2 protein chains.
Amino acid sequence: MEHKTASADEQEDGAAGEASGGLDARVGRIVRQTLADQVYGDLKEILLAGRAAPGERFTLRGLASAIGTSAMPVREAVSRLVAENALEVLPNRAVRVPLMPRARFQELRLIRCSLEGLATEIAVREATDVEVAEVERFERLFAAERDKPAPDGAVAMCHNKDLHFALYRAAHLPTLFQMIEGLWLQIGPVLNLDFRAGPERVRQGEAHIRHAAIVAALKARDPEAARVALVADIWSAGDFILSRDVLPD
Amino acid sequence: MEHKTASADEQEDGAAGEASGGLDARVGRIVRQTLADQVYGDLKEILLAGRAAPGERFTLRGLASAIGTSAMPVREAVSRLVAENALEVLPNRAVRVPLMPRARFQELRLIRCSLEGLATEIAVREATDVEVAEVERFERLFAAERDKPAPDGAVAMCHNKDLHFALYRAAHLPTLFQMIEGLWLQIGPVLNLDFRAGPERVRQGEAHIRHAAIVAALKARDPEAARVALVADIWSAGDFILSRDVLPD
DNA sequence: GTCTGCTATGTGTGATCACAGATAACAGAT
DNA sequence: ATCTGTTATCTGTGATCACACATAGCAGAC
């Protein structure tokens, strides 16, 4: 029915009176942060940073006591992560970070190429100048880490993530961004295996070449070239991981 | 570390003894069905079938008493749906099925073209003969409903969904399929607006043309043609909804 | 009549308790 | 020594209770 009038007004504004002038305009909106949201964010960060190994198991009560809350918020956070395939519950009701069989890894790579390629194309067309500059900044940070005498894999991985995410954010498509984030949540634990493989990975890898190509295409506003470079980046990084024999099946 | 040895064995088999011969091999595995899973499935079905209007609000306790359980399983099910953007919680902590602003609808259409296009391409290459036959069957059911004197929009919509999902399932990529399902979960409530627009929508729509093209390309094993036809299907259906003025913003 | 402030009701959130089932350690038999 | 059956502990699941907060309804003042 009239779902249009039913809402869309209680979304942003709470003050029904005058819009500006008084004290009302100066107080920042308080953001509700439930405990479950907090736990969810923490687990997400752990997964994205690759600080959890595939197959690693944990318990609700253990997490709860570690954080200092009851099991309830943890339960809710885990439910969300399970819905996003970032965690899984075994038939025995045990919770763990999912394994990554080769087939699943290849499927995720395929999906990533499609979705992140799309985001890249659009970002190249829609990015503001400051967003372009930010992508370029992370590209330089990554390159700088690579050229160090003793590159730190974890730091490089972080810059890599920031570079990609800055690019995808520039597409200004929130749902697409969120879906990509969900994909990274799933591959995070294995990407970690890649970047912690040792400094030689960062050195001999072709990531910096792809990154340079992406940034060049971005500055030249060439969507197709950017997409091709990004797909090459994803694909070659995947090949490296597949070439090592760390994935089961 | 050795996450490989840590598991992958307690996944499928519970019997550690001999593989066959005894009674063990004949008993079917019991599937655990938690209450939360049940509620989750129910809500999912409601959303997919379009039996919930955008903006519609509900309460945990209300749902719980309607189903006959406590609020806890409902809470967990809602958490998952929220994580998938199929439901949303307002800052006031109210739960509702999300509104669909035009921009969001267009974004989802874009993502759908990318993901469902990918699934279609692969399905055309990977589908078995029985899967091809099943897609064709749903295509005929849809066409039959369309040619009736008084087509039923809901029935047509159901056949449409079955047709698409049978196609995507034939790609044999579980994660991709799940992501597409998540997208349909989000557009379900507005797709409903489309198909309930009246019989003339089913009649004058170009869906059946696209569907026929998809099936033809599938049988001819022409992935690119199938993808093009599918994208055209998604795009034109979206245009129809956009042309009506039911979406806010 | 309109607006302000209070009150009552209902909501989500989190804690705690009870229960079914799974894992693991252990005792006994072969 | 290996295997089997038992028991003890722990884990997820669901119910129930307590609390903070939002909304709606109502009374009072201007």
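Computed from a predicted model, the values in this text were never measured in an experiment. Throughout, protein chains are lettered first and strands after them, A, B, ... in sequence-line order, and every chain is numbered starting at 1.
- A/Arg61 has its CZ atom 11 Å from the C1' atom of C/dC19, to the nearest Å.
- Legend: residues meeting side-chain hydrogen bond (donor to acceptor under 3.5 Å, both in side chains) with B/Glu76, ordered by chain and number and at least two apart, are A/Ser79, B/Arg80.
- Side-chain contact check for B/Trp184 versus B/Arg112: some heavy-atom pair is nearer than 4.5 Å.
- At a threshold of 4.0 Å, the pair B/Arg102-B/Asp245 counts as salt-bridged, since one of the basic side-chain nitrogens sits closer than that to a carboxylate oxygen.
- In this structure, A/Ala36 reaches the sugar-phosphate backbone alone: every heavy-atom distance under 4.0 Å involves primed, P, OP1 or OP2 atoms, never a base.
- When rounded to the nearest whole Å, the span between CD of B/Gln33 and C1' of C/dG21 equals 17 Å.
- Listed in residue order, the members of residues 68-81 of chain A having a heavy atom less than 4.0 Å from DNA chain D are A/Met72, A/Arg75.
- For the pair B/Arg57 CZ and D/dA22 P, the interatomic distance rounds to 14 Å; values are reported in whole Å.
- Note: CG (A/Leu60) to P (C/dG14) measures 15 Å, nearest angstrom.
- Rounded to the nearest 0.5 angstrom, B/Ser114 OG and B/Ile111 CD1 are separated by 8.5 Å.
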Full working for salt bridge (charged side-chain N to carboxylate O under 4.0 Å, His left out) between B/Lys44 and B/Asp37: CA-CA 10 Å; B/Lys44 208 165 167 176; B/Asp37 290 336; over 6 Å; no

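- In this structure, A/Leu35 atom CG and D/dA20 atom C1' are separated by 13 Å, rounded to whole Å.
- The distance between atom CZ of B/Arg96 and atom P of C/dG12, rounded to the nearest whole Å, is 14 Å.
- Rounded to whole angstrom, the span from the CD1 atom of B/Ile67 across to the P atom of D/dA15 amounts to 11 Å.
- Rounded to a whole Å, the CD atom of A/Glu88 is 14 Å from the P atom of D/dG12.
- In summary, B/Arg96 and B/Glu56 do not engage in a salt bridge, as defined by a charged side-chain N under 4.0 Å from a carboxylate O.
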